[in-house]
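Notes for the one structure printed next.
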Amino acid sequence: MKPSIPQGTRDFSPAEVRKRQYILGILKEIFEEYGFLPLETPAMENLTTLTGKYGEEGDRLIFKILNNGLHDKKEEAKSKLNEEWAKMLEKPYNTPKVTERALRYDLTIPFARFVVMHQHELAFPFRRYQMQPVWRADRPQKGRYREFWQCDADVVGSASLINEAELLCIYRSAFHKMKLPGVVVKVNSRKLLAGLAEICNAPDKMMDITIALDKLDKIGWEGVTKELQQRNIEQSGIDTIEKIISVTGSNEEKLRVLEQLMGTSNSALAGITELRDTLKYHDALKSNEWKSELQVDISLARGLNYYTGVIVEVVSNAVKMGSIGGGGRYDNLTGLFGLKNMSGVGVSFGIDRIYDVLDELKLFPENLDITTQVLLVNFGKEDELYSLKVMQQLRTEGISAEIYPDNIKFDKQMKYANKRSIPYVIIIGEQERAEQKVSLKNFVTGEQQVLSIVDAIDILKGT
RNA sequence: GAGGCUAUAGCUCAGUUGGUUAGAGCGUCGGAUUGUGGUUCCGAAGGUCGUGGGUUCGAGACCCAUUAGCCUCCCCA
C-alpha cells in the first residue's frame with residue numbers, strides 16, 4: 001500500500017523538530033521567567049466539555065471520536081448501536097451512543113475545566129502555560145492545519161490589568177528573542193467594540209460590526225461598508241464607524257480622540273480606561289530593546305465570543321500570513337463549569353505559523369542541525385570492543401558519540417558521517433589499539449592526527 | 001458550506017494536434033575505491049501513468065464518474 005497521512009497533518013523530520021523545539025524553548029523560558037507553571041491535559045475531552053464554547057462554526061469543527069462500543073459482546077447492544085448509526089447518517093447529528101468524546105479544539109477550555117476541577121488545590125491567581133497539539137476538522141490550506149500546536153499562557157483569578165500588560169510583554173519579549181521583524185502587537189477592547197455598536201444604534205450587532213471591521217486590512221473600507229450594509233447597519237452608524245477607524249496618531253492620541261467621539265457610551269469609556277491602564281503598566285514593564293510595535297487598533301476583533309475585555313492579536317508585516325498569536329480577557333470562563341467570579345486572561349502563540357515565518361525569513365540559528373559530535377568507525381572484532389570503551393569515555397565527558405554499528409566498507413562509514421554532518425570521526429584500527437591511541441579526523445578541514453584519548457577529548461571539548 | 005487547480009519512478013517534474021518499447025534530474029543500490037567522506041566517472045534496480053468506466057483501429061493525453069492532495073473564499077492559529 002501507498003503510505004500516507006491524514007489531510008492537514010504533518011510529519012516533523014529531525015531537522016524540523018529541532019527548529020520547533022527552538023521556538024518552544026524560547027517560549028518556555030519566557031513563560032517560566034514570568035512565573036507561569038506548566039500544565040498538560042488529555043488529547044481528548046468529553047464532548048460536552050467542548051460543545052457550545054466556540055460558537056456555531058467552532059462546534060462544527062470539533063473532531064469527534066467514535067465510541068468503540070463495537071467490542072460489546074451482547075447482540076442487543078450491537079443492534080442498538082446500529083440503530084443509532086442509522087439515525088445519525090439519516091440527518092447528521094451526534095448522539096451520545098455514537099460519540100461522547102472529542103479531540104481538544106484549543107487549550108483554553110480544557111484549562112478552564114482543569115481550574116474548576118482542581119480549584120481547591122490551586123493557589124490563585126493561577127498562572128499556567130501549556131504547549132500541546134489541538135485538532136480542528138477545518139479545511140486545510142496554507143498556514144492552516146487539522147493538527148497544530150498551541151502555546152498558551154493564561155492567568156486566572158485576577159482582574160488586574162497588570163496581567164494584560166505582562167502578557168503583552170511576553171509577546172514582545174518572545175518575538176524579540178526570535179529576532180522576528182515587523183511584529184505588530186495590536187490591542188483593542190471588547191468594551192470599546194460594544195460601545196461602538198451602541199453609538200451606531202445597534203447594540204445587539206456588536207459581532208456583526210466587529211466581523212466586518214476585522215476585514216478592513218483585507219477588503220478595504222469600501223468592502224467593509226458593503227458588508228456593514230448587508231448586516232443592516234444604518235448609514236449614520238457606518239459614517240460614525242468611518243470617523244472612528246480613521247483616527248490616527250500615537251496610542252494615547254488615538255484614545256483621546258476616541259474618548260471624544262464615543263463619550264456617550266459608558267462601555268466605550270470603560271474600554272478606553274482599561275486600554276489606557278494596560279498601556280501604563282506595559283510602559284513600566286517594557287524593555288527598550290524590543291523593536292515590535294504596540295498599537296491600539298479598534299478594527300481588531302477576535303472570533304471567540306468568550307472574550308469580554310482587552311483583546312490582542314499579533315501579526316508580522318514581514319510576511320504575508322495570518323495572525324501568529326492572539327488572546328484576551330474572559331471574565332467568566334470558568335462560570336461555564338460552575339465556578340463563578342473567576343476572571344481570566346490569556347495569550348496564545350501559533351507556533352506552526354511562527355515556524356513558517358521564521359523559516360521563510362531564514363531566522364533559525366544555523367547550529368540547530370548539529371547532532372552527534374563524533375562517529376567512531378567500526379573495524380570489527382577486537383577493534384570495535386576497544387572502540388566501545390573509548391566511546392563511553394567520550395560520553396562520560398559530555399561528548400555525544402556514536403559508533404557505526406556494522407562492520408561495513410570504510411568509505412560507506414565515511415559517507416554516513418558526511419551525510420549526517422558529523423564534525424569529527426575517530427578511527428581505531430589495529431595500530432591505534434596497539435598504541436592505546438585514536439586517529440581523530442576533523443571532517444570540516446579534513447585534518448587527521450593520531451592522539452592519546454585524553455588529547456582527543458580535549459580537542460572535542462574545545463569545540 | 002462555495003469555488004479553482006492538480007494526480008506519470010522513492011522525490012521534483014517533462015511527455016508535441018491521440019500513434020511503436022513512457023523519459024530527465026535528484027535519491028537509492030553496485031562498481032572504479034575493503035584504512036579515508038564531499039567532487040567525478042561507469043552501471044543497475046525502480047512505473048498496471050490515482051481508481052472505475054467511456055470515445056477510438058489506437059488513450060498517459062480526450063469525455064464522464066470517483067477518490068486523494070493543494071489552493072482561494074467563509075472562519076480561524
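Each chain gets a letter, A, B and so on, in the order its sequence line appears, and its residues count up from 1.
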Quick one: look up who [N] pairs with, Watson-Crick or G-U, both distances under 3.5 Å, and put none if it's unpaired.
N	value
B/A44	B/U28
B/C62	B/G54
B/A2	B/U72

A/Lys415 side chain near B/G37 phosphate (N/O to OP1/OP2, under 4.0 Å):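 A/Lys415 to B/G37 OP1/OP2: no side-chain N or O under 4.0 Å.
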B/A77 pyrimidine/purine six-ring stacking with A/Phe148, under 5.5 Å and 30°: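 A stacking contact exists, since A/Phe148 sits close and nearly parallel to the base ring of B/A77.
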Sugar-phosphate only, base, or nothing, as touched by A/Ser323 at under 4.0 Å among non-hydrogen atoms: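 Result for A/Ser323 = sugar-phosphate.
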Sugar-phosphate, base or nothing in reach of A/Ile324, heavy atoms under 4.0 Å: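 It contacts sugar-phosphate atoms only.
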Evaluation steps, side-chain contact (heavy atoms from CB on, under 4.5 Å), between A/Glu147 and A/Arg136: CA-CA 7 Å; A/Glu147 178 188 68; A/Arg136 293 185 188 178; over 6 Å; no
B/A22 versus B/A9 - spacing of their P atoms, nearest Å: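 Roughly 14 Å separates the two P atoms.
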P atoms of B/U39 and B/U28, separation to the nearest Å: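 Per the computed distance, 10 Å lies between those P atoms.
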Greater than 12 external heavy atoms within 6.0 Å of A/Gln431's CD: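 No - once you tally the heavy atoms of other residues, nucleotides and ligands closer than 6.0 Å, there are 12 at most.
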Atom NZ of A/Lys205: over 12 foreign heavy atoms under 6.0 Å: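 Buried by this count: over 12 neighbours within 6.0 Å.
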So if I take every side-chain heavy atom of [X] and compare against [options], which nucleotide ends up nearest?
X	options	value
A/Lys419	B/U72, B/C70, B/U28	B/U28
A/Lys215	B/U36, B/C75, B/G3	B/C75
A/Met414	B/G37, B/G30, B/G35	B/G37
A/Phe379	B/G35, B/C76, B/C75	B/G35

